[in-house]
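In what follows, every heavy atom counts, from backbone to side chain, and hydrogens, waters and symmetry copies are set aside.
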Amino acid sequence: MDPAEGRLSATEYLSTEPSASIRKVAEAAGITPATAKDVRDRLRRDENPLPPRLRTGSPKENRTSERGSDLVPSNVATLPPPSARVSSDTFAQLLRDPSLRLTEGGRAILRLLHLHTIDESDWRTVIDGVPAHCSRAVVDAARACATAWHRVAEELERRKSDHEGVAAAR
């Protein structure tokens, strides 16, 4: 594994499992315990988990800012156009929220949001990577995912308006 990718995997793991042992972080990210400890220490000092020698500037290997408080999972730092994006600030806020980080359901939604956000610069790579004979299946899968996320959004909006209605009635 690329050392930068391992460190970014550890960063992502720590964002959802902040109290995980160094051994668990190392195992999950495929890195040594010493590297996992260094990543955790850098994050605690509000630093980039990538030491300067690993920061190449390429979008794939250097998607975190210099300050750890801006750290978000590696494919969330630059997002699709505003109409379909979750800002890195919004995602970072969600990552810090204990009600999400410390519950199984909350960690699941964070992982899903992370996995289903495609960086604008990655669109071409994603599209070019689909062979013509798989296009229809990928189109169907992408549309099914979009439909599912649309239902999630609608349900959460409905719940929010129901909650606001109850609060207003008090």
Legend entry - Salt bridge flag under 4.0 Å for residues R42 and D38: yes
Inset, instruction - Treat each ILVMFWY residue as a node, draw an edge where side-chain heavy atoms are under 4.5 Å apart, and state whether L95 and L156 are in one component. - result: yes
First locate atom [atom1] of [X], then atom [atom2] of [Y], and finally report the distance between them rounded to the nearest 0.5 Å.
X: L8; Y: L54; atom1: CG; atom2: CG; value: 9.0 Å
X: R158; Y: E154; atom1: CZ; atom2: CD; value: 10.5 Å
X: D162; Y: E157; atom1: CG; atom2: CD; value: 12.0 Å
X: E17; Y: S15; atom1: CD; atom2: OG; value: 9.0 Å
X: L100; Y: I109; atom1: CG; atom2: CD1; value: 8.5 Å
X: E12; Y: L110; atom1: CD; atom2: CG; value: 11.5 Å

Write down the atom of [X], the atom of [Y], and the distance for their closest heavy-atom approach.
X: V39; Y: P49; value: CG1-CB, 4.0 Å
X: G6; Y: I31; value: CA-CG2, 3.6 Å
X: I22; Y: K37; value: CD1-CA, 3.6 Å

Legend entry - Heavy-atom donor-acceptor pair, R7 side chain to A29 backbone, under 3.5 Å: no
Legend entry - Any donor-acceptor N/O pair, R101 side chain to T16 backbone, under 3.5 Å: no
Legend entry - R45 CZ: over 12 foreign heavy atoms closer than 6.0 Å: yes
